[in-house]
There are 2 protein chains.
Amino acid sequence: MDTTGQDERLSTAERRRGELLEAADRVVLREGPGASMNAIAAEAGITKPILYRHFGDKGGLYRALAVRHTDALLEALRAALDAPSERRERVEATLDTYLAAIEARPQVYRFLMHPAEDSTTGEGAFDVGQHSAPLLRRLGEELAQVIAERVDLGPESEELARVWGHGIVGMMHAAGDWWLRERPCERAQLVRHLADLLWGRLAAAGDRVGGPGF
Amino acid sequence: MDTTGQDERLSTAERRRGELLEAADRVVLREGPGASMNAIAAEAGITKPILYRHFGDKGGLYRALAVRHTDALLEALRAALDAPSERRERVEATLDTYLAAIEARPQVYRFLMHPAEDSTTGEGAFDVGQHSAPLLRRLGEELAQVIAERVDLGPESEELARVWGHGIVGMMHAAGDWWLRERPCERAQLVRHLADLLWGRLAAAGDRVGGPGF
DNA sequence: GTCAGATCGTTACCATGGGTAATAACAAGT
DNA sequence: ACTTGTTATTACCCATGGTAACGATCTGAC
């Protein structure tokens, strides 16, 4: 990713926009999603109105930021999804890619998923247009498409694929979120556990002594 | 009639707290999670400082509200989880209970899960202490416990159960969220699709023509 | 040279909304 | 009646998103 290099054929406005986004990124990474527009403007060496000229409102800025990171993550996931290996391996690779990403940059992840975080002064923190849902929905749709394209699911293929796409993404997200907080095991282990779940081990497992199992 | 309305002789702090919570509930249901403390106070027939005396800050109020609804939902889920039927049936009943709940009261659901919503004036909307994660984590832990208690998972039982608990809850949540937005099918159908996913149908399905499947 | 007009930028300001003194009613115990 | 503790109110602080009005600067045309 050549974010910093001086791009040749870009209008000054586009260049500026990129610079502003990077400044915003730094601030958000440092201060969390509650970063104020003033702080971002200061980091960029300018003042608020310019930010508003470029991004409309705070939601616009955050959306631009989110899109940027989401694109990067999606690209990585697509690579894992498109690898020429067996299905189980592919699923594990995808899960691992996602988890590795959120492990490597938890701040970015928290920004994308959990808009608010601190409440030092008196405001709580801003959500600004709910960018978490877009990311998850995008991932869900993407996965649904891959499933629909490649897995033979009979007549209800389309519908099933979408349900599964969103379901699996949600599973990955929730498990990852919990794992990131508690770190109860290695990443590889988590990946195996989740793949096992997807592979129907819950259905296959026997009941425990004392009654019918879940 | 003075400000409080029809109160006989009931000045207990707990009663008041309950009344305030109900007023807050009405406002949040009407105006969404972005409801201001002033609005809530007005609905309750009192003023801000009283709310702050009772709940500390906005996060406290919203947390109290969330706990209340979460408790109700959890109770319903526990009933489905504890039914004396077979595992698959139980899983379907639990999924259906959850989905029926969010279908019946989407406003409540959105409040619990998606803190922000509108941005009429100029602020975006407040998250206030992230009450969505607590709900999901609580559900995840609860389910993990049920799984660990009743399913025989071998040596890693504990760990597996927690991963699965959070994973399944996340799957349910994400799929439900998407379903609620797009309504692509009947609830029963969604339940079946999700249960199928949990039952390993993804692993069992064949590849589509043209290459290895996901 | 100088003037019109986009850009790019700043200061000063508004409105909203969370949160908190300072203070007023008012009940009861003495 | 005097004190005391609870309850509620008014009036305020202050941070933040968002904007209007104004200034600087660079470009090309005449």
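Naming convention: chains lettered A, B, ... in sequence-line order (proteins, then strands); numbering from 1 in each chain. The shown structure was predicted, so the numbers you read here are calculated from the model rather than taken from an experiment.
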Counting only heavy atoms from other residues, nucleotides and ligands, does the tally under 6.0 Å from CD of B:Glu158 exceed 12? no
So which nucleotide from D:dA8, C:dT20, C:dG9 ends up closest to the side chain of A:Ile50? C:dG9
Partners of A:Glu156 by salt bridge (charged side-chain N to carboxylate O under 4.0 Å, His left out), sequence neighbours excluded? none
Taking N and O atoms by type only, does the side chain of A:Lys58 place a donor or acceptor under 3.5 Å from a partner on the base of D:dG18? no
I need the CD1-C1' distance between B:Ile40 and C:dG19, as an integer number of Å. 14 Å
To the nearest Å, how far apart are A:Tyr52 OH and C:dT11 P? 16 Å
Of the candidates C:dG9, D:dG17, D:dT9, the side chain of A:Lys48 sits closest to D:dG17
Could you check whether B:Arg183 makes a cation-pi contact with B:Trp179, meaning its NZ or CZ is under 6.0 Å from the centre of the six-membered ring and within 45° of the ring axis? yes
Report the distance from atom CG of A:Asn38 to atom P of C:dT10, rounded to the nearest whole Å. 12 Å
Starting from C1' on C:dG17, measure out to CD on B:Glu31 and report it in whole angstrom. 13 Å
Using whole Å, what does the distance between atom P of nucleotide C:dG18 and atom CG of B:Leu61 come to? 11 Å
Does the ring-ring contact (aromatic ring centres under 6.0 Å, His included) test come out yes or no for A:Phe55 and A:Tyr62, once each step is laid out? CA-CA 9 Å; A:Phe55 300 102; A:Tyr62 274 48; over 10 Å; no
NE2-CG distance between B:His166 and B:Leu143, expressed to the nearest 0.5 angstrom: 9.0 Å
Does a side-chain N or O from A:Thr47 land closer than 4.0 Å to OP1 or OP2 of C:dG9, or not? no
Interatomic distance where CD1 belongs to A:Ile46 and C1' belongs to C:dT10 [whole Å]: 11 Å
Hey, what are the protein-to-nucleotides 21-25 of chain D N/O distances that come in under 3.5 Å?
none

A:Glu19 with A:Arg16: basic N within carboxylate O range, under 4.0 Å: yes
Nearest heavy-atom neighbours spanning B:Val151 and A:Leu202: CG2-CD1, 4.5 Å
Please state how far atom CZ in B:Phe55 lies from atom P in C:dG18, giving the value in whole angstrom units. 15 Å
Using whole Å, report how far CG of B:Leu51 lies from P of C:dG17. 15 Å
Got a salt bridge between A:Arg110 and A:Asp177, using NZ or NE/NH1/NH2 to carboxylate O under 4.0 Å? yes
State plainly whether the residues B:Arg192 and B:Glu92 are in salt-bridge range, i.e. N to O under 4.0 Å. no
Quick check on the helix from C:dG1-D:dC30 to C:dT30-D:dA1: what's the angle between its two end axes, five base pairs per end, to the nearest 10°? 30°
